[in-house]
Novice: 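What follows is a single structure, and I will ask about it in a moment.
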Amino acid sequence: MPELPEVETVVRQLRPVVQQNKLVRLRLLDKKLRGVNPAELRHMRVYKVSRAGKQIIFHLRHARKEPERHLAIHLRMTGTLIWQRYAERSGGRKVVPDVSRRNYWRKAADILPQHVRAIFYFEDGCVLFCDPRRFGTFALKADAAGFRPAGLEPLSRAFTRKKLANLLRLSSQEIKPWLLRQDKLCGIGNIYAAEILFAARLHPRRRAGSLGASEVQRLHSATVRILRKAISFCGTTVSDFQDTTGSAGGFSRLLKVYDRENRRCRRCRGAILRIMQQGRSTYYCPVCQT
DNA sequence: ATTATATCCTGATCGC
DNA sequence: TGCGATCAGGATATAA
């Protein structure tokens, strides 16, 4: 599911409900989830929610100047975070469930989506981590810098045309797989790699190092433009991406090539092709992209 | 040093 | 309707 725009969407939606909220308890329901000891985070306040590449970071502490913990959530292919406010009584008084009581879990089972792997219980609601394929991961660190991906953030000021040119110059790899490399640029995945290359009118099999100055320029501006636009549409849903409210992303209908094999190119009316690169599908228009 | 492949999982879809 | 093969938004360890 989640590439940079989807993760950014989740972070923005989580911020107003989770930031400054106290994490009463974290409950892991899948033994596969390691890398975090829930007891360590009990009753800590989430003072900030941020994004690092494709990871969502909860910054936690008990109080100002107390030691900090930083929890990185990586949704991988099918992870979602769903916010659920606790049910309210008719009088409007919030009912905070006693999470130690088994009966809450039994009741909750009917309202919970499938594949819940972890539950973050906050004071007025909980965040459900759902992940059918169970690829998602948690990691806990004392220092937030430990999560900073090696690759450049494509929406940061540091991502300049010149930097991109320098990164590309060294590689003989095909440009599409190159865009997926999180150690070069972080946050781009299979959907946006295809969409960015279409917008830049570059063939996915071009070698990274072979791009001329004007092509690098196109790739740079297409990367920024497509990612920003996707964020403004709350990401893309192909099959199962959901934001924190369970809604689908709005960028799907703006896709020009991804998942459009044999359909007409919106620009030249020719057929969109699908090829395999490193075991993954690449969609492109052979007329528009050279 | 790069660059392909197998692997971790479950579910949806397609051809027969 | 059922069944096996294939594919899926990611990333990493291992092999070439």
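On a predicted model such as this, the values are computed, not experimentally measured, just so you know. All values below come from the heavy atoms of this structure, side chains included, with hydrogens, waters and symmetry mates left out. Chain identifiers are assigned alphabetically (A, B, ...) following the order of the sequence lines, protein sequences preceding nucleic acid strands; residue numbering begins at 1 within each chain.
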Novice: Distance check: side-chain N/O of His115(A) vs OP1/OP2 of dT10(B), anything under 4.0 Å?
Specialist: no
Novice: Distance check, P atoms only: dA11(C) and dA1(B), in whole angstrom units.
Specialist: 23 Å
Novice: Apart from Leu273(A) itself, which Ile, Leu, Val, Met, Phe, Trp or Tyr residues share its cluster (side-chain heavy atoms under 4.5 Å, direct or through members)?
Specialist: Ile275(A), Tyr284(A)
Novice: Please encode protein proximity along nucleotides 2-9 of chain B as a string of B, S and -, counting only heavy-atom distances under 4.0 Å.
Specialist: -SS---BB
Novice: Any idea which heavy atoms bring Arg117(A) and Pro132(A) closest together, and the distance?
Specialist: NH2-O, 3.1 Å
Novice: Can you name the residues that form a ring pair (Phe, Tyr, Trp, His ring centres under 6.0 Å) with His115(A), not counting sequence neighbours?
Specialist: none
Novice: Do any side-chain nitrogens or oxygens of Thr78(A) fall under 4.0 Å of OP1 or OP2 in dT10(B)?
Specialist: no
Novice: Could you tell me how far dC9(B) sits from dC3(C) if I compare only their P atoms? Round to whole Å.
Specialist: 25 Å
Novice: Between dA5(C) and dT7(B), how many Å separate the two P atoms, rounded to a whole number?
Specialist: 16 Å
Novice: Just the rounded figure in Å: distance from C1' of dA11(C) to CD1 of Ile73(A).
Specialist: 17 Å
Novice: What pairs with Phe159(A) under ring pair (Phe, Tyr, Trp, His ring centres under 6.0 Å), at least two apart in sequence or on another chain?
Specialist: His220(A)
Novice: I want to check something: taking the side chain as every heavy atom from C-beta on, are Gln55(A) and Ile73(A) in contact at a cut-off of under 4.5 Å?
Specialist: no
Novice: Using a 4.0 Å heavy-atom cut-off, does Tyr258(A) contact any base of the nucleic acid, only the sugar-phosphate backbone, or nothing at all?
Specialist: sugar-phosphate
Novice: Applying side chain to side chain contact (heavy atoms under 4.5 Å, CB included), can you list everything that pairs with Asn190(A), at least two apart in sequence or on another chain?
Specialist: Lys176(A), Leu180(A), Tyr258(A), Arg280(A)
Novice: Tell me: CD of Gln182(A) to C1' of dA11(C), nearest whole Å?
Specialist: 8 Å
Novice: List for me each residue that meets side chain to side chain contact (heavy atoms under 4.5 Å, CB included) alongside Arg228(A), sequence neighbours excluded, and say none if there are none.
Specialist: Leu155(A), Val224(A)
Novice: What does Thr137(A) touch in the nucleic acid at a heavy-atom separation under 4.0 angstrom: a base, only the sugar-phosphate, or nothing?
Specialist: nothing
Novice: Between dG9(C) and dC14(B), how many Å separate the two P atoms, rounded to a whole number?
Specialist: 16 Å
Novice: In whole angstrom, what separates Phe251(A)'s CZ from dG9(C)'s C1'?
Specialist: 14 Å
Novice: Please report, rounded to the nearest Å, how far the P atom of dG10(C) is from the CG atom of Asp183(A).
Specialist: 15 Å
Novice: Please give, in whole Å, the distance from dC7(C) C1' to Asp259(A) CG?
Specialist: 11 Å
Novice: Determine which bases of DNA chain B form Watson-Crick or G-U wobble pairs with both distances under 3.5 Å, and write the result as a 5' to 3' dot-bracket string with | for other-strand partners.
Specialist: .|||||||.|||||||
Novice: A quick test of your reading: do over 12 heavy atoms of other residues, nucleotides or ligands sit less than 6.0 Å from NZ of Lys32(A)?
Specialist: yes
Novice: Residues in ring pair (Phe, Tyr, Trp, His ring centres under 6.0 Å) with Phe129(A), at least two apart?
Specialist: Phe138(A)
Novice: Under the rule for side chain to side chain contact (heavy atoms under 4.5 Å, CB included), what residues qualify as partners of Lys163(A), not counting sequence neighbours?
Specialist: Leu152(A), Ala158(A), Thr160(A)
Novice: Just the rounded figure in Å: distance from P of dT6(C) to CD of Glu261(A).
Specialist: 16 Å
Novice: Is the distance from OP1 or OP2 of dG9(C) to the nearest side-chain N or O of Lys54(A) less than 4.0 Å?
Specialist: no
Novice: Given atom CZ of Arg280(A) and atom P of dA8(C), what is their separation to the nearest angstrom?
Specialist: 8 Å
Novice: Between Met77(A) (CE) and dG10(C) (P), how many Å, whole number?
Specialist: 6 Å
